[in-house]
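All residue numbers refer to positions in the sequence shown, counting from 1. If you're wondering where the values come from, they're calculated on a predicted model, not measured in any experiment.
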Amino acid sequence: MTGAVPGDGPRVDRSVATVAGAVLCGGASRRMGSPKPLVPWDGVAMARRVADALSAGGCSSVRCVGGDPAELAAIGLEVVADRWPGEGPLGGVLTALLDGADDAVLVAPCDTPLLLAAAVSELVDRWRSGRADVVVARTD
C-alpha cells in the first residue's frame, strides 16, 4: 500500500499546538445580490463577525479564503486566494488546510454570524485535549 496512512507521521503535542481560523468567503453570491461576506449583521459585516469569533475563541491567526481581497482588507481581514475557485466549500477547506504552518485549522463559513467565541473555544479545547480529531459545529 502506498500513500499516507492516518496516524502515520510525527505526533503533535496538542496542548501547545496552534489552531488557525479560516473564514470561507468564496462564492458568487448570486442569490444575495451582493457579496455575502460583507452583508451586515447587527451593523458588522458577516465575515468580520465570524473572524472575530474565531480570534476571540483561541485561533492563533485568522484568514479569509476566497472573496475579494480589497473588500475584505477594507474591513481589516487578511485573504488567501482559493486554490480551487469555483469548486465550492471543499476547495476553500482544502486551501485552508494547506495554507499555513499551524497544527490544525478551524474552518467556518462567512454566513455564520451567530458563531460565538465560546463555541470556538470549546471546539479548540476538544481538539487540544484529544477528545476529538475532527470537530464540526452546527448552528441549526
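Closest approach of Gly66 to Leu72, counting heavy atoms only: O-CD1, 3.6 Å. The minimum heavy-atom distance linking Arg128 with Gly58 is given by the pair NH2-O, 4.2 Å. Of all the heavy atoms in Cys59 and Val120, the pair that sits closest is SG-CG1, 4.2 Å.
Going from atom CG of Asp52 over to atom CG of Leu77 covers 7.5 Å, rounded to the nearest 0.5 Å. In this structure, the separation between SG on Cys25 and CG on Asp68 is 10.5 Å, given to the nearest 0.5 Å. Note: Arg126 CZ to Ser121 OG = 11.5 Å, rounded to the nearest 0.5 Å. The CE atom of Met46 sits 5.5 Å away from atom CG of Asp111, with the distance rounded to the nearest 0.5 Å. Taking CG of Leu54 as the reference point, atom OG of Ser60 lies at 11.0 Å (rounded to 0.5 Å). Expressed to the nearest 0.5 Å, how far CG of Leu116 lies from CZ of Arg49 amounts to 9.0 Å.
In this structure a side-chain-to-backbone donor-acceptor pair under 3.5 Å is present from Ser129 to Asp125. Side-chain N or O atoms of Arg48 include one that pairs as donor or acceptor with a backbone N or O of Ile75 at under 3.5 Å. Side-chain atoms of Thr95 come within 3.5 Å of backbone N or O of Gly91 as a donor-acceptor pair.
Hydrophobic clustering places Val50 together with Val124 (ILVMFWY residues linked when any side-chain heavy atoms are closer than 4.5 Å, directly or through intermediates). Under a hydrophobic clustering in which Ile, Leu, Val, Met, Phe, Trp and Tyr are joined whenever their side-chain heavy atoms come within less than 4.5 Å, directly or via other members, Leu123 and Val23 fall into the same cluster. Placement of Leu38 and Val79 within a single hydrophobic cluster is found when ILVMFWY residues are connected by side-chain heavy-atom separations under 4.5 Å, directly or transitively. Residue Val62 is grouped with residue Leu115 when hydrophobic side chains (ILVMFWY) are merged at heavy-atom distances under 4.5 angstrom, including chains of intermediate members. No continuous path of hydrophobic side-chain contacts links Val39 to Leu24 [ILVMFWY only; heavy atoms under 4.5 Å].
Looking at heavy atoms from C-beta onward, Glu78 lies out of side-chain contact with Cys64 at the 4.5 angstrom threshold. Side-chain contact between Leu106 and Trp127 is absent, with no heavy atoms from C-beta onward closer than 4.5 Å.
Pairs of residues two or more places apart, or lying in two chains, that qualify as salt bridge (Lys or Arg N to Asp or Glu O under 4.0 Å) and include a residue from residues 80-101 are Arg63-Asp99.
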(message) Between Trp84 and Leu90, is the side-chain contact (heavy atoms from CB on, under 4.5 Å) condition met? List the steps.
(response) CA-CA 9 Å; Trp84 293 274; Leu90 183 56; over 6 Å; no
